[in-house]
**Q** 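One structure follows; several queries about it will come next.
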Amino acid sequence: LTRAVYSLAEKGYRIVNHCHDFAEDRKENWELLEYVIEEIFERELHEVLYPGFSNYCFCALNTRDYNRLLQNRVPSSNVFLLPNPILFPEHRPFSYYEDILKTLGIHNTLPLILYPVRVIRRKNIGEFILLTAMFKEYANWLVTLPPKNPVERSSYDSWKSFCKHNNIPVYFEVGEKVEFYELMYAADRMITTSIMEGFGMTFLEPWTFGKGVVGRDIPEVTIDFKSSGIKFPALYDRLILPDSKLDFGSLDDKCKKQIICNVLTDHKFKEEVLRLNNLQLLLQPISEELIEHNRHIIKTKYSIDEYGKRLIGIYN
């Protein structure tokens, strides 16, 4: 496909390439492209990915990707910033809250913290499980969907077994039992522990349901949202560990599991992790005023109408 799009542009067709992901971020993808483009088609990979044709334009989801395209020698006149639109949910009748709890097998009145995600490695599920282990007495921790990719399944199953063995009450696969919109409205807040995002929908969508988002920040993604006036009072940049000062998100699964076991068995260690990262913020109330403030900005600056105007302008 990459080669075919380049070929169309080479023949004079006008192309708008709206980049959501970059092969450079995924080693296997890059190696495959390099082999196919350079060995099979005998073309230089950079030229095929980032041609300098006047009839070949790029749209970037955020400032980070916009600058990346410029760094790859794409002329600035051929690069446009086009954030994704946010579709506000329709207000329609939903199941009773008690029915949702019953369906999920929840028999307490603790708040619901939802990670609305399909669990793949870059979503950093181990960190979500660490937070569950630290705050299991204060909230119910839910994650929506398992991975579709078979390659991701063994890691996912291993984490599920780990939680079961260590009595960490994560509610997995709740999105297969309760409809997505009902979960979003039922939850008290959303959380993200992801370490890599393209656009970062997870930082915006919760506010459209009237819910705050807490957890791990990805500053190079959220910088555009913050610049537009959206506020995130309960995000942390890194989850620092005592003594080593390593970021939990950078560790492999084996090390993450050991740290979680330490949290479960060593109260002093747990308290130090809490203190170092000010994690109590995750459970603090988020005001209705802040929720409405963020909703208004998202509705104004990330609407489908605004997106349409920008896109038509680029096509013209």
Side-chain angles (χ1 to χ4, degrees), residues 16-26 49-50 57-89 115-117 120 122-124 127 184 189-239 247 249 281-282 286-287 289-316:
V16 175
N17 185 341
H18 195 183
C19 296
H20 283 238
D21 292 292
F22 288 79
E24 295 92 322
D25 293 336
R26 292 167 176 79
L49 284 175
Y50 305 110
C57 295
F58 288 87
C59 290
L61 295 176
N62 50 40
T63 303
R64 174 200 62 187
D65 292 347
Y66 181 92
N67 291 330
R68 180 192 291 213
L69 288 162
L70 297 184
Q71 289 161 8
N72 276 291
R73 304 195 298 276
V74 179
S76 60
S77 58
N78 289 26
V79 184
F80 299 90
L81 188 60
L82 185 65
N84 279 339
I86 308 297
L87 301 178
F88 271 65
Y115 193 3
V117 70
I120 55 177
R122 66 184 176 88
K123 300 300 182 179
N124 191 17
E127 192 160 302
M184 294 293 276
R189 63 191 55 193
M190 315 301 165
I191 190 167
T192 174
T193 55
S194 176
I195 55 175
M196 184 194 297
E197 292 293 328
F199 174 62
M201 190 74 75
T202 187
F203 294 105
L204 298 184
E205 195 171 33
W207 305 101
T208 70
F209 288 87
K211 309 298 167 72
V213 59
V214 304
R216 177 180 280 266
D217 197 1
I218 306 179
E220 65 269 26
V221 169
T222 59
I223 187 170
D224 289 347
F225 307 150
K226 293 171 185 174
S227 296
S228 70
I230 298 170
K231 298 176 182 177
F232 300 97
L235 297 181
Y236 54 83
D237 286 352
R238 304 171 71 213
L239 205 161
D247 178 14
L281 271 178
L282 301 178
I286 298 173
S287 71
E289 290 79 8
L290 177 61
I291 290 172
E292 284 308 311
H293 168 86
N294 285 351
R295 273 172 59 89
H296 176 73
I297 292 174
I298 293 167
K299 202 164 193 173
T300 304
K301 298 189 176 181
Y302 294 92
S303 70
I304 191 74
D305 290 342
E306 182 65 25
Y307 178 85
K309 290 174 188 174
R310 290 185 188 179
L311 192 57
I312 290 298
I314 292 166
Y315 287 164
N316 288 337

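Quantities reported herein were computed from a predicted structural model and do not represent experimental measurements.
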**Q** Can you find a heavy atom in the side chain of L61 that is under 4.5 Å from one in the side chain of H20?
**A**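 With C-beta onward as the side chain, the pair touches.
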**Q** As an exercise, state the distance from CG of L311 to CG of L82, rounded to the nearest 0.5 Å.
**A**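 That separation rounds to 6.0 Å.
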**Q** Give a yes or no on whether the backbone of L235 and the side-chain of D217 come within a donor-acceptor separation of less than 3.5 Å.
**A**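 Side chain of D217 to backbone of L235, a donor-acceptor pair under 3.5 Å: no, none is there.
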**Q** List for me each residue that meets side chain to side chain donor-acceptor pair (under 3.5 Å) alongside K123, sequence neighbours excluded, and say none if there are none.
**A**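 Counting only residues at least two positions away or on another chain, K123 forms a side chain to side chain donor-acceptor pair (under 3.5 Å) with E197.
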**Q** Could you pull out the closest heavy-atom pair between I195 and G249, with the gap in Å?
**A**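 Shortest heavy-atom contact: CD1-O, 4.2 Å.
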**Q** Would you call R26 and D21 a side-chain contact if the rule is heavy atoms closer than 4.5 Å?
**A**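 A side-chain contact under 4.5 Å exists here.
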**Q** For M201 versus P85, what's the shortest heavy-atom pair and its separation?
**A**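 M201 and P85 have their closest heavy atoms at CE-O, 3.9 Å.
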**Q** Are L290 and K231 side-chain neighbours, meaning at least one heavy-atom pair lies under 4.5 Å?
**A**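 In contact.
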**Q** Quick check: do I298 and F88 have side-chain heavy atoms less than 4.5 Å from each other?
**A**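 Side-chain contact under 4.5 Å: yes.
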**Q** How far apart are the closest heavy atoms of V16 and C59, and which atoms are they?
**A**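 The pair with the smallest heavy-atom distance is CG1-SG, 3.6 Å.
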**Q** Can any side-chain N or O of R295 pair as donor or acceptor with the backbone N or O of T208 at less than 3.5 Å?
**A**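 Yes; at least one donor-acceptor contact below 3.5 Å.
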**Q** Using the ring of each side chain (for Trp, its six-membered ring), is F203 parallel, tilted or perpendicular to F232, with breaks at 30° and 60°?
**A**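 The arrangement is perpendicular - the two ring planes meet at more than 60°.
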**Q** Please check this pair: side chain of D247 against backbone of L239, looking for a donor-acceptor N/O pair closer than 3.5 Å.
**A**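 It does hold such a pair.
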**Q** Using a 6.0 Å cut-off, check whether atom CD1 of I223 has over 12 heavy atoms from anything other than its own residue.
**A**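 Atom CD1 in I223 is not packed in, count stays at 12 or less.
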**Q** Please state whether the rings of F199 and F225 are parallel, tilted or perpendicular, taking 30° and 60° as the class boundaries.
**A**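 Aromatic pair F199/F225 classed perpendicular.
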**Q** Find the distance between SG (C19) and CZ (F58) and round it off to the nearest 0.5 Å.
**A**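 These two atoms lie 5.5 Å from each other.
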**Q** Within a radius of less than 6.0 Å around NZ of K226, do more than 12 heavy atoms belonging to other residues, nucleotides or ligands occur?
**A**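 Result for NZ/K226: enclosed.
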**Q** Under the side-chain hydrogen bond (donor to acceptor under 3.5 Å, both in side chains) rule, what pairs show up with a residue in residues 300-316, not counting sequence neighbours?
**A**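 side-chain hydrogen bond (donor to acceptor under 3.5 Å, both in side chains) check on residues 300-316 returns no pairs.
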**Q** What heavy-atom pair brings L69 and A60 nearest, and what distance separates the two atoms?
**A**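 Here L69 and A60 meet closest at CD1-CB, 4.0 Å.
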**Q** Under the side-chain hydrogen bond (donor to acceptor under 3.5 Å, both in side chains) rule, what pairs show up with a residue in residues 58-86, not counting sequence neighbours?
**A**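 Found D25-R68, H46-N72, H46-R73, T63-D224.
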**Q** So do V117 and T192 actually touch side chain to side chain, heavy atoms under 4.5 Å?
**A**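 They are not in contact (no side-chain heavy atoms under 4.5 Å apart), so the answer is no.
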**Q** So which heavy atom on M190 is nearest to which on P116, and how close?
**A**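 Nearest pair, atom of M190 first, then P116: CB-CD, 4.4 Å.
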**Q** Would you give the length of the straight line joining atom CD of E205 to atom CG of L87, rounded to the nearest 0.5 angstrom?
**A**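 If I round to the nearest 0.5 Å, the distance is 8.5 Å.
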**Q** Can you give me the closest heavy-atom contact between G198 and V221, atom names plus distance?
**A**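 For G198 versus V221, the nearest heavy atoms are O-CG2, 4.4 Å.
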**Q** Looking at side-chain heavy atoms only, is the closest gap between R216 and Y236 below 4.5 Å?
**A**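 Side chain of R216 against side chain of Y236, heavy atoms only: contact under 4.5 Å found.
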